[in-house]
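For reference, the structure is listed below as C-alpha cells.
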Amino acid sequence: MRLSRYFLPVLRDVPKEAEIVSHRLMLRAGMIRQQASGLYSWLPLGYKVLMKVQKIIEEEQNRSGAVQLLMPTIQPADLWRESGRYDAYGKEMLRIEDRHEREFLYGPTNEEMITDIFRTYVKSYKDLPLNLYHVQWKFRDEVRPRFGTMRSREFLMKDAYSFDLSKEDAVKAYERMFVAYMRTYARMGLTAIPMRADTGPIGGDLSHEWIVLAETGESAVFCDNRLLDKPIPGQDTDFRGDLKPIFDDWTSLYAATEDMVDMAEYEAAVPEEHRVSARGIEVGHIFYFGTKYSEPMKATVTGPEGKEIAVHMGSYGIGPTRLVPAIIEAFHDEAGIVWPVSVAPFEAVLINLKAGDADSDAACEALYDELVAAGIDMLYDDRDQGAGAKFTTADLIGIPYQLIIGPRGLKAGEAEIKHRKTGERETLPIADAVARIKGLIEPQRKTDI
Ligand code: 5CA
C-alpha cells in the first residue's frame, strides 16, 4: 500500500477524552473514529488490524472443529420470550419496533437464535457433537461505555455454541474451546490467563474468562504466576482426542476474578512468592449451561434409545474489537504502538527519505515490488515529506520493521532496517534487504505455534 494513496488520518495532539493509552493511540494512529457514545467507525488502519485478529480467531475455531455461519444483528423479540430472557435482560438490550409494530432487538448475544436454528434442523443424536459459530456485531446499551472500543455499545463478537447429548460430552466440547482459546491469544502475542468466572446473565455453573494483565484493566484478578509461562498447546493438538489433561493442567493452578475469588482458598493454594494480584482485561468468556435454553425452547434430539433428550449447550465468546486495544495495552512505548507481527496492520514499512528524487524513487519502487512479491504485507511511505515526520508516523502506527532508503546510503548501495520493538538498527546491502526482511518476519507470523 502506498501511503500517498492511503487514508491514514493521524492526529498530532493527544485527544483529551481518552483516559487510557490504547484509546489515545488508536485515535492518534487514525484507527478509529467515535460517531456517538460507544459507537465507532473502524478507519482503514484499524480495520486491517481487526481483520487480522478475526482471521486468527476463525482459523483456530475451524481447527477445533467449529463450523462458521452468520446470523443477523436484529432478532425477533419472541425468540427471547421463549427463553424468558426478554424481560430479564433489562436496559442493556436495545429494543426496536418495525413499521408493522412488530418487536425486535439488536442482538446482545445469540443463544436463542442459534438454538432456534438447531431445533429446526437437528433431530438425531447421530448429528452430535455440533459447534456453530459466527463473528457478528452485537449491541449492549452499557451504562458506561468507555476506553474506546474496549467497552463500547456496538462491538464485534465471535460467539460459538456447542450442542451435545450429555453433560459429559458437553464438557469435552468446553475443553476443546478452552484449548482453541489458549492458541488464539498466543498467536496474537498475548499472555491471556484462563480464570474461573461468574456466569452472569448467560447462566450455567462452569465458566472461564481469559484475562490479559494490564494496569488499566477493569477487573481485579488473583492468580499463580506460574500460569504466565506455561507452554501453549501446539498446532498438532488432536482436537478429536482427549483434551482433559491439557484443561486439567491449566486449571490446576489458582486463577480467579474478583467475583469468584475466595481469599482464604487463594492463599492456601498459592505459595506467597507465586501470588499475583493485579488488574486485567477480559478478552474472552466461555460457559457451560446445560439445558437452560434447550429445555424451554424444546431443542431436543432423539437419543440412541428413541427417547427425546434436551441437548446440553455451551457458549464461547471472544471480543475482537476489545482485543485490538488489549494488544495495544500490552505492546506500546513512548513513541506509539509496537505491534506483534501476527496482527500488525503492515508487517514492514519502506521509507523513501527523498521521495521525488529519481534514483531514490526507482530504487524504492523496485524494492517495494519485490517485497510485495515475496508475500510481505508492505506499506510504502512515498509521501513528499521530511524524514522526521515519516519516522514519527512509522513509530506511532507501530509497524514492526522500517526499511529506510536514503540518498547517501543509496550511493553506497546500502539500506537501513530499524526494528520497532528494540530500536536496533542495521545497515545492509540493498540487494540483501528483501531476504533479510522476509527472514525477520516469517518466523514471527506464528501460524505454526
Ligand atoms: N454469549 C456469551 C458467550 S458467546 C457472551 O455473551 N459472553 S460475554 O458477555 O462474556 O461476552 C463475550 C466477550 O465479548 C467478552 O469476553 C468480551 O471480550 C466481549 N465484550 C463483551 N462486552 C463488550 C463490550 N461492551 N465492548 C467490547 N467487547 C465486549
Side-chain angles (χ1 to χ4, degrees), residues 20 22-23 26 32 34 37-40 42 50 53-54 57 61 66 68-69 71 73 75 80 83 85 89-94 106-115 131-163 173-174 177-178 180-181 184-185 188 190 192-204 206-212 214 217-219 221 257 259-260 280-289 292-293 313-327 329:
I20 60 170
S22 58
H23 189 193
M26 286 176 81
I32 52 169
Q34 183 178 313
S37 169
L39 298 179
Y40 289 86
W42 285 76
L50 184 61
V53 164
Q54 181 171 334
I57 295 170
Q61 290 294 292
Q68 192 168 18
L69 46 63
M71 292 174 269
T73 53
Q75 306 184 22
W80 286 66
S83 71
R85 279 208 294 183
Y89 220 93
K91 287 198 162 186
E92 272 200 10
M93 182 185 275
L94 180 64
Y106 194 127
T109 176
N110 281 64
E111 279 81 4
E112 285 77 1
M113 191 171 273
I114 200 75
T115 304
N131 187 321
L132 298 171
Y133 80 97
H134 73 162
V135 182
Q136 179 62 289
W137 293 94
K138 306 291 186 292
F139 192 96
R140 291 181 187 172
D141 205 350
E142 300 268 352
V143 197
R144 261 195 94 191
R146 57 182 185 155
F147 304 157
T149 66
M150 190 80 89
R151 179 171 295 284
S152 47
R153 294 199 294 171
E154 190 184 39
F155 59 96
L156 198 55
M157 195 200 287
K158 181 289 297 178
D159 35 330
Y161 302 88
S162 64
F163 302 90
Y174 188 93
M177 255 324 112
F178 187 97
Y181 274 41
T184 302
Y185 302 118
M188 296 171 192
L190 285 173
I193 309 166
M195 305 205 178
R196 275 190 251 162
D198 192 16
T199 55
I202 309 293
L206 173 62
S207 178
H208 285 87
E209 268 174 22
W210 273 261
I211 299 284
V212 174
E218 290 187 287
S219 342
V221 297
T257 60
D259 306 328
M260 293 297 278
I281 303 165
E282 181 211 311
V283 289
H285 200 160
I286 67 175
F287 305 80
Y288 161 72
F289 42 72
K292 176 176 171 180
Y293 301 89
M313 291 174 60
S315 75
Y316 313 88
I318 290 190
T321 47
R322 177 177 290 178
L323 269 165
V324 175
I327 294 168
E329 290 291 328

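Note that ligands are numbered from 1 as they come in the structure, with each ligand's atoms numbered from 1 the same way.
Under a 4.0 Å criterion applied to the non-hydrogen atoms of Y316, ligand 1 contributes the atoms 3 (C), 4 (S). For ligand 1, the atoms lying closer than 4.0 Å to a non-hydrogen atom of V283 are 16 (O), 18 (O). Close approach of ligand 1 to M150 is summarised as follows: ligand atoms under 4.0 Å from at least one heavy atom of the residue are 26 (N), 27 (C). Close approach to E111 involves these atoms of ligand 1, each under 4.0 Å from a residue heavy atom: 1 (N), 2 (C). Distances below 4.0 Å separate heavy atoms of S152 from the following atoms of ligand 1: 24 (C), 25 (N), 26 (N). Short contacts between ligand 1 and G284, defined as distances under 4.0 Å to a heavy atom of the residue, involve ligand atoms 16 (O). Atom numbering of ligand 1 starts at 1 in the shown order; those under 4.0 Å from a heavy atom of H285 are 10 (O), 16 (O).
Looking at I114 and Y133, their side chains never come closer than 4.5 Å, going by heavy atoms from C-beta outward. Side-chain atoms of V135 and Q68, non-hydrogen and from C-beta on, do get closer than 4.5 Å to each other. In this structure, the side chains of W80 and P108 come closer than 4.5 Å at one or more pairs of heavy atoms. For the pair V53 and V324, the minimum side-chain heavy-atom distance is below 4.5 Å. Side chains of H285 and S207 form a contact here, defined as non-hydrogen atoms less than 4.5 Å apart. Looking at heavy atoms from C-beta onward, E111 lies in side-chain contact with F289 at the 4.5 angstrom threshold. A 4.5 Å side-chain heavy-atom check between E218 and F147 finds at least one atom pair inside the cut-off.
Nearest to atom 7 (N) of ligand 1 among the protein's heavy atoms is F287 CE1, 3.5 Å. The protein non-hydrogen atom at the shortest distance from atom 4 (S) of ligand 1 is D159 CB, 3.3 Å. Nearest protein neighbour of atom 12 (C) of ligand 1, counting heavy atoms only, is M157 CE, 3.8 Å. R322 NH1, 3.6 Å is the protein heavy atom nearest to atom 17 (C) of ligand 1. Given atom 22 (N) of ligand 1, the protein heavy atom at minimum distance is F155 CZ, 3.4 Å. In terms of protein heavy-atom proximity, atom 8 (S) of ligand 1 is closest to R140 NH1, 3.9 Å.
Neither side chain, Q61 nor Y316, offers a donor N or O lying under 3.5 Å from an acceptor on the other.
For ligand 1, none of its N or O atoms has an N or O atom of T321 under 3.5 Å away. Backbone and side-chain nitrogen or oxygen atoms of E142 are examined, and one is located within less than 3.5 angstrom of a nitrogen or oxygen of ligand 1. Polar contact with ligand 1: present for G319 (N/O pair, distance under 3.5 Å). Close N/O approach between T109 and ligand 1 is found [any backbone or side-chain N/O within under 3.5 Å].
At a heavy-atom distance under 4.0 Å, no atom of K138 approaches ligand 1. Counting heavy atoms under 4.0 Å from ligand 1, residue E282 touches it through both backbone and side chain. For I286, no heavy-atom contact with ligand 1 is shorter than 4.0 Å.
The closest approach between W210 and ligand 1 stays at or above 4.0 Å for every heavy atom of the residue. Taking a 4.0 Å cut-off on heavy atoms, E209 fails to register as neighbouring ligand 1.
Using bins of under 30°, 30° to 60° and over 60° for the plane-to-plane angle, the ring pair F178/H208 lands in the perpendicular bin.
In this structure, CE in M260 is found 6.5 Å from CZ in R196, a value given to the nearest 0.5 Å.
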